[in-house]
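Chain A is the first sequence line, chain B the second, and so forth, proteins listed ahead of strands; every chain is numbered from 1.
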Amino acid sequence: MTVASSDIRATPPTGCGPLLSIEDLTVEFWNGEEYERVVNGVSLHVARGEAVGLVGESGCGKTTSAYSVLAYLQPGSRLRSGRVLFDGQDVLGLAGSDLRRIRGGRIGHVPQDPTLALNPNIRVGKQITEVLANHSWQGDRSGRALSLLAAVGIDRPETVFSSYSCQLSGGQQQRVMIAMAVACEPELVVLDEPTTGLDVTTQAMVIDLLRELRASRDTSLLYVTHDLGVVAALCDRVVVMYGGKVIESAPTAELFAAPRHPYTKALIDSVPTIAAGSGPGKGLGGRFERRKIPPGCPFAPRCPLAVARCEAEAQSLLEATPGHVVACWRSGEPARDTVTGDAEPEMRLESRGEGLVVSSLSCSYTGRRRWTRGRADDTVVRDVSFEIELGETVALVGESGSGKSTIARAIAGLLPRTGGNIRFAGEPLSVGIDGRSRDQLRRVQIVFQNPDASLNPRHTVGRIVGRALRHYFGLGSEEAKVRARRRLADVQLDERLAARFPRDLSGGERQRVALARALGAEPNLLLCDEVLSALDVSVQASMVSLLRDLQQEHHFSMLFISHDLAVVRWLARRVVVLYRGQLCEAGETGRILSSPLHPYTATLLASIPGSTGGHERPILTGTPSGAATGRGCVVASRCPFRVGEICDRVTPPEVVDSDGTRVRCHIPLSDLEIRMRPDAAEPRLSPQRGPGTGALELP
Amino acid sequence: MNLWRMVATRIALGIVTLLLVSAVIYLVVGVLPGDIAVEVLGRNSTAQARHLFDLRLHLNEPLWDRYAQWLGGFVRGHFGESITTGSPVRALVMPALGASARLSAYALVLYVPITLTMALIGAVWSGRGPDSVTSTLTLIGLSLPDFVIGTILIVMFAVVVHWFPAIAGTGAQGFWATLRAITLPAATLAAVMSAYSARMLRSSLIEVLQSQFIRTATLKGTSRWRVIFRHALPNAIVPTLNVTALNLTYLIGGVVVVEVVFSYPGLGQLLVNSIAIRDIPVVEAATLIASGIYIAANVFSDVVAVLVTPRLRYARPAR
């Protein structure tokens with residue numbers, strides 16, 4: 001489908017000089033008492049066709065800086081000084097129709113959360129044609145919107161065109177946002193954490209899409225993220241921010257090979273990798289607090305190399321090597337590796353007897369929707385079995401919709417199971433919490449993904465943690481208070497936080513409170529449901545070490561649910577891989593991560609940005625379509641090894657390998673092993689990964 | 001498909017509610033203390049007269065039988081006869097209902113633009129001058145009782161300038177004359193209802209204007225007014241719809257005071273008069289009709305809320 005490309009750019013590109021340059025930008029936020037500098041004298045530039053990654057922890061000012069490019073200031077903020085030159089023109093000085101011509105026309109924008117960023121009340125296609133109409137795109141706007149949807153890899157553009165955003169999956173929504181961002185052929189696209197809310201496999205597809213977008217057109221990208229893995233996969237150059245300032249900037253390869261700023265080093269060290277032998281970093285010590293930023297280097301309070309002079313004197317960005325600038329005068333000194341670094345994880349291997357035994361577990365949501373009974377199969381978990389020995393950690397991995405959280409809820413008794421058995425320490429656990437004794441309840445505790453939602457905002461931290469103690473151990477309020485403080489100390493929180501409310505705490509601290517609450521019950525089994533997903537990378541690393549230390553000390557078993565295989569490597573001895581409610585593969589972590597047998601496991605591994613090892617390409621093709629029917633293999637429609645009709649009809653049996661790995665596949669293990677070998681001669685990939693991920697050609 | 005099932009469910013539930021309400025009305029009125037015959041015929045009436053009175057109204061039959069008969073009659077459109085005048089209740093209730101409906105319709109026509117204008121001004125200039133003005137106005141509308149507002153309007157527009165009549169009786173002939181006659185009561189009702197809805201719509205608009213899809217629309221280069229009308233308003237209007245449904249009830253049954261102030265022969269005034277003279281069949285019929293309108297309005301607003309919210313209309317794709 002070709003659409004007559006009408007020229008919406010009045011001004012032709014003016015040759016030399018960077019396309020975008022932010023000069024000395026300072027933005028302040030009203031915090032209720034005074035204006036705080038969130039962006040403090042930031043300068044950066046993006047050349048034509050260049051992809052620049054803007055990274056840092058939450059609160060470092062990267063998002064605010066990026067939105068200033070669109071002359072958009074968040075509510076409650078004001079511009080103190082600075083210029084944003086786009087193609088030689090200061091966008092901060094523009095207003096009215098001049099500004100509207102730039103927004104969406106010459107600079108596109110992809111936001112963090114597509115679910116919230118699409119208007120729920122307007123059909124998706126209409127929202128795309130609106131941007132075309134805003135910029136007076138001549139010709140068939142609907143046709144162009146359709147071809148844009150096809151170009152970003154949407155399967156059935158006509159259907160999606162007339163859908164509302166609530167009818168689309170997260171990945172589809174983000175593709176729609178990308179289609180909208182590039183609709184008017186912008187010269188620059190600003191991306192604000194565009195893959196953070198997505199599944200790993202979806203994230204991989206979106207990154208592929210962006211890469212192809214860059215390859216096929218000369219679009220520049222300003223990519224804001226806290227995920228260094230994504231940056232490595234996509235960007236030419238990286239700008240690192242901390243405390244409102246740019247502290248380092250270098251070409252991507254050089255930054256990863258030779259980071260100079262202590263903060264950058266710590267950030268790179270906290271990135272989880274699945275490479276064998278890599279242990280978790282301790283993460284960064286301390287936490288970023290805006291009020292504690294000294295006049296000098298913003299990182300000084302947390303920096304292991306800091307001396308008195310660092311706090312007092314501001315440091316300017318100096319060129320270390322050509323193209324590599326850093327704001328640290330001690331960057332040339334040999335790094336004392338005190339920021340990060342931890343010994344190889346020592347996995348608890350000795351068995352201490354029977355812990356949790358889950359056999360043939362099935363769960364469905366049918367019970368809740370009586371009206372639709374018999375119409376659709378609502379089974380979300382099918383015939384899943386696994387065990388966790390006492391003191392052991394087992395990880396459940398899979399993308400959203402794989403049923404991993406459902407399993408945790410069934411074990412906790414929050415969701416009735418429809419089939420199978422759950423036993424803990426020799427005793428059967430009844431289906432719902434009503435049938436369980438108080439002691440059984442105490443022994444199984446759960447920590448949820450989002451501490452914002454799971455902690456009562458009107459209770460103090462001390463009350464939240466103390467409640468479990470009073471409930472399970474019948475402690476008086478004074479005694480509970482003392483014990484609650486001890487629990488807080490266990491999770492490395494200041495005891496004084498007991499008097500504060502959850503909203504006063506950072507995301508990492510809140511998750512520690514949730515953990516302290518669960519530990520207060522002195523559980524024998526801790527269910528951790530995506531407890532790290534909502535946290536910054538550097539905070540994640542310290543949570544992982546904390547969980548490991550706590551487990552060493554309190555000897556509880558742990559079911560660790562995650563979609564992040566790299567984190568799993570640090571924590572779990574064994575892994576269970578789920579896809580659409582069915583177990584695909586289960587076994588020792590090292591074995592699964594290094595030589596997966598099931599095609600889905602390999603696909604999941606390949607989705608990790610910047611992944612290394614033999615499995616850089618996903619095995620499965622296309623995207624999942626239609627509802628899981630409960631018959632046949634869950635990956636049958638996407639699997640290149642499909643042996644025949646049996647894959648569609650018969651659920652594969654669990655086959656046990658000599659080393660105890662369980663795989664659900666119709667292909668004999670020996671055969672599968674050969675096919676899955678990274679150097680397998682047989683072309684195992686179809687040339688296209690999925691719809692629209694060939695050479696991307698925008699209409 | 002899904003939508004129709006939901007509509008059917010709501011309607012069925014509405015009918016059940018209405019049945020319960022009718023039972024409550026009938027039973028409560030039935031167990032009111034005092035002998036109706038004594039109340040109506042007077043203390044000095046003879047026992048025979050009272051017996052005849054009971055026979056005529058079937059008061060000697062069991063309560064349940066009477067209720068079933070009354071309900072059966074109601075469904076067929078026979079509301080019974082007035083105790084005091086002996087004329088059919090229908091002949092009393094229907095004109096009053098018609099008058100109330102005319103007044104309500106006019107009030108609604110005024111209500112929608114007033115609410116929208118006040119809310120939009122408040123939300124777009126939130127915290128600034130125009131918002132202070134509209135906020136003050138709506139606060140006044142909320143805090144003054146409706147009869148005070150009505151009286152102020154009479155003083156301003158009927159006494160000081162003679163634009164509209166102070167009495168909205170049924171004397172006016174023709175469409176425009178009638179319209180002119182009931183402008184002041186309709187304006188009073190609209191003012192009272194808009195005050196609350198405008199504040200509500202303003203705050204939900206302000207909330208919606210802070211959502212991320214508004215930012216998306218702005219950063220697409222969409223003009224400010226298109227962002228407000230096309231992107232924000234449809235998303236902000238749902239809570240206000242429910243309030244509007246509640247307001248409808250106020251219009252039908254609760255406008256007694258306004259009707260009294262303007263001497264308007266609506267359903268509210270009929271109800272109050274009938275209670276005063278213990279004309280039980282009229283009270284029952286008027287109350288049941290008011291309840292029916294109330295329930296219908298709520299069902300209607302629920303359905304409209306679903307229609308304007310795609311998220312409620314379409315389920316997510318299969319897992």
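When each of L20(A), L221(A), I102(A) is tested with L188(A) by the rule side-chain contact (heavy atoms from CB on, under 4.5 Å), just one qualifies, namely L20(A). With R199(B) as reference, T138(B) is the one residue of T115(B), T134(B), T138(B), T240(B) to meet the side-chain hydrogen bond (donor to acceptor under 3.5 Å, both in side chains) rule.
At a 4.5 Å heavy-atom cutoff, Q74(A) makes no contact with chain B through either its backbone or its side chain. In this structure, the portion of L118(A) lying under 4.5 Å from any heavy atom of chain B is its backbone and not its side chain.
Ion pairing of R101(A) with D98(A) is present here, as a side-chain N (NZ or NE/NH1/NH2) and a carboxylate O approach within less than 4.0 Å.
Atom CZ of R78(A) sits in a crowded spot, with more than 12 heavy atoms from other residues, nucleotides or ligands closer than 6.0 Å. Other residues, nucleotides and ligands contribute more than 12 heavy atoms inside 6.0 Å of the OH atom of Y72(A). Within 6.0 Å of the CH2 atom in W64(B), the count of heavy atoms belonging to other residues, nucleotides or ligands does not exceed 12. A 6.0 Å sphere centred on CZ of F300(B) holds no more than 12 heavy atoms belonging to other residues, nucleotides or ligands.
Interface residues of residues 208-233 of chain B toward chain A, defined by a heavy-atom distance below 4.5 Å and sorted by number: Q212(B), F213(B), R215(B), T216(B), T218(B), L219(B), K220(B), G221(B), T222(B), S223(B), R226(B), R230(B), H231(B).
Your options are N119(A), V131(A), L116(A), and the one with the most heavy-atom pairs under 4.5 Å with chain B is N119(A).
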